[in-house]
Amino acid sequence: MAGRTVEVVAVGPPPQDPYQPAASAWALASALAGRGDDVRVLHLAGSGVGPTPSGVVDVPVEIPLRRPGGPGELAEFATAAGRRLRPNVDLVLRDPVGLGALGMRRSRSGPPVVGAFGRSVELRSFVGDRAARSAAGIVDRFDTWLDRRTVRRLERAAVQEADRIFTDDREVVDAFAKEYGVPSGKFVNVPTAVPVLPPLPGRDASRQDLRIPPDVPVVVAPTAFEEPGPAGVDRVLEAFRRVRPLFPGVRLVVVGAPAPPDPGVISLPDRGASTLADALAGANVAVFARRAPGFDPGVVLAARARVPPIVLPDARLPLDPEGGVKVAPSVDPGDLASVLAELLADPAMQKEVGRNAVRFAEAFLPERVATAVGEALSSRSA
């Protein structure tokens with residue numbers, strides 16, 4: 001795949017936060033550029049903009065905001081992005097699949113080849129969001145019905161345009177098959193490309209930055225959401241309170257969401273890549289207790305840093321961690337505290353789990369994902 005002209009269609013600019021929806025697309029674009037491809041990223045404007053990866057061309061796409069937040073907005077972006085595609089493009093990658101077709105012209109067997117990443121099914125997300133609201137009346141219910149039809153039509157168009165759909169979520173495969181009749185041969189099992197953090201500082205330097213003594217255990221809790229409730233901050237705090245009497249001086253560093261000023265708790269609401277790198281560099285153990293289902297890239301970031309991750313039993317791990325992740329027996333904070341105490345009390349176990357975690361995290365390296373995508377798109381399905 002090296003040397004091809006590649007257009008990546010993303011939902012936002014290069015983010016500072018590796019949890020942002022556009023982070024995976026930009027990480028993949030960077031990896032493709034590193035392989036020698038001529039890469040541009042077409043994207044909607046947004047806030048929290050980070051640096052553009054080396055070798056990647058940043059192409060903002062403006063669209064008229066006729067109905068901000070409406071189901072047709074992403075389809076308007078797809079149409080506008082399709083008009084900006086280079087005539088000689090070999091490969092187009094959409095992350096995520098999105099709504100609406102790009103509308104490019106191509107022959108049945110010629111370029112461009114289109115790959116899309118199935119993160120979720122927009123139709124089901126729309127239905128779930130609207131079900132949580134109470135309809136104000138007949139007009140509101142009619143508008144919801146029309147919007148649902150629009151989402152279905154636009155998502156179907158995006159799915160049909162893709163030659164391959166990349167996902168590591170079996171539920172997404174089943175949902176696309178049920179809603180749109182997508183054949184199994186169109187799906188390719190590929191892990192999410194998790195961005196690489198800046199180089200981690202040394203442990204002593206990290207703890208000096210955070211004003212943590214060098215000889216105390218440290219627990220880091222990267223949060224997937226800015227709101228403490230969905231992020232499960234209360235679960236982490238309760239588990240920490242239970243283990244704190246057992247480990248003198250132990251600290252808890254919560255990154256990405258506000259945390260109350262409990263004894264031993266450090267709150268870092270900023271979830272930028274440099275903040276995460278600094279926090280992970282000084283940690284012994286990482287805890288993830290989100291309430292909302294889904295894949296948490298922070299688990300991979302901790303694993304790369306050799307910080308043993310602890311997750312709840314409902315966490316989605318697309319690959320067998322093979323001893324690189326500790327799983328609590330239940331979502332009860334008491335069970336989470338038991339696993340946390342076990343790891344904190346055993347440095348040898350920390351090192352063993354950390355070594356296994358590094359191997360687990362390798363599959364999510366953008367370079368690995370870029371290779372898998374290239375192999376899958378080397379020949380287009382009929």
Side-chain angles (χ1 to χ4, degrees), residues 18 191 194-223 235-236 239-240 242-255 264-266 268 273-289 295-313 315-329 333-365 367-368:
V194 177
V196 176
L197 294 177
L200 271 62
R203 175 164 292 192
D204 289 344
S206 166
R207 294 191 174 199
Q208 185 174 2
D209 288 344
L210 299 174
R211 299 180 181 179
I212 298 175
D215 57 348
V216 301
V218 175
V219 180
V220 64
T223 62
R235 292 170 164 177
V236 175
F240 178 72
R242 297 190 186 198
V243 304
R244 188 168 178 269
L246 305 176
F247 301 94
V250 65
R251 300 292 199 275
L252 170 65
V253 182
V254 179
V255 185
V265 176
I266 299 170
L268 302 176
S274 59
T275 303
L276 279 166
D278 203 19
L280 288 169
N284 299 94
V285 178
V287 177
F288 302 86
F295 170 70
D296 194 319
V299 176
V300 175
L301 298 177
R304 285 180 186 157
R306 294 182 180 270
V307 179
I310 301 174
V311 301
L312 299 178
R316 192 174 72 79
L317 299 174
L319 301 172
D320 183 355
E322 297 183 348
V325 176
K326 284 287 188 179
V327 182
D335 285 335
L336 183 60
S338 296
V339 179
L340 178 57
E342 180 185 24
L343 264 178
L344 289 176
D346 193 340
M349 182 184 294
Q350 292 176 29
K351 291 181 180 179
E352 180 184 359
V353 177
R355 287 192 297 268
N356 294 333
V358 171
R359 290 195 293 270
F360 161 70
E362 287 178 352
F364 302 91
L365 286 169
E367 294 79 9
R368 290 275 188 104

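Values in this document were obtained by computation on a predicted structure and should not be read as measured data. Values below: all heavy atoms of this structure, side chains included; hydrogens, waters and symmetry mates excluded. The first residue of the sequence shown is numbered 1, and numbering continues consecutively from there.
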*asked:* How close do Ala328 and Pro313 get, counting heavy atoms only, and between which atoms?
replied: O-CD, 3.3 Å
*Does any non-hydrogen side-chain atom of Leu319 lie less than 4.5 Å from one of Pro191?*
yes
_Gap between atom CZ of Arg244 and atom CZ of Arg251 - 0.5 Å precision_ = 8.0 Å
*Heavy-atom check, side chain of Arg304 versus side chain of Val196, under 4.5 Å*: yes
_When you measure from the side chain of Ser206 to the backbone of Asp278, do you find a donor-acceptor pair of N or O atoms at a distance under 3.5 Å?_
yes
*Kindly say whether Val216 contributes a backbone atom to a donor-acceptor pair with the side chain of Arg207 at under 3.5 angstrom?*
yes
*To the nearest 0.5 Å, what is the distance between CD1 (Ile266) and CZ (Arg211)?*
10.0 Å
_Glu362 vs Arg368, test: salt bridge (charged side-chain N to carboxylate O under 4.0 Å, His left out). Steps then yes/no._
CA-CA 8 Å; Glu362 287 178 352; Arg368 290 275 188 104; 3.5 Å; yes
_Nearest-0.5 Å distance, CZ of residue Arg203 to CD1 of residue Ile212_ = 10.5 Å
*Could you tell me the separation between the CD atom of Glu342 and the CD1 atom of Ile310, rounded to the nearest 0.5 Å?*
8.5 Å
_Side-chain heavy-atom pair Val220, Phe288 within 4.5 angstrom cut-off_ = no
*Less than 4.5 Å apart, any side-chain heavy atom of Asn356 and any of Glu322?*
no
*Does the side chain of Lys326 reach to within under 4.5 Å of the side chain of Val311, using non-hydrogen atoms?*
no
*Please report the shortest heavy-atom distance between Pro214 and Asp204, naming the atom on each side.*
CB-OD1, 4.2 Å
_Please give me the minimum heavy-atom distance between Leu280 and Ala305, naming the atom from each residue._
CB-CB, 4.2 Å
*Measure from the ring center of Phe247 to the ring center of Phe240 and say whether it is less than 6.0 Å.*
no
*Shortest non-hydrogen separation from Pro329 to Val339 and the atoms involved*: CD-CG2, 3.9 Å
*asked:* Apply side-chain contact (heavy atoms from CB on, under 4.5 Å) to residues Val254 and Leu268 and explain how you reach the verdict.
replied: CA-CA 6 Å; Val254 179; Leu268 302 176; over 6 Å; no
*Can you name the closest pair of heavy atoms from Ala337 and Val243 and give their distance?*
O-CG1, 3.4 Å
*asked:* Keeping Arg235 on the side-chain end and Pro333 on the backbone end, is there a donor-acceptor pair under 3.5 Å?
replied: no
*asked:* Please report the interatomic distance CZ(Arg316) to CG(Asp296), rounded to the nearest 0.5 Å.
replied: 10.5 Å
_So which atom in Ala279 and which in Leu210 form the shortest heavy-atom distance, rounded to 0.1 Å?_
CA-CD1, 4.2 Å
*Hey, does the side chain of Asn284 reach the backbone of Val218 with a donor-acceptor pair shorter than 3.5 angstrom?*
yes
*Test item: Val325 and Leu317 side chains (from C-beta on) under 4.5 Å apart, heavy atoms*: yes
*Could you tell me the separation between the CG atom of Leu343 and the CD atom of Glu352, rounded to the nearest 0.5 Å?*
10.5 Å
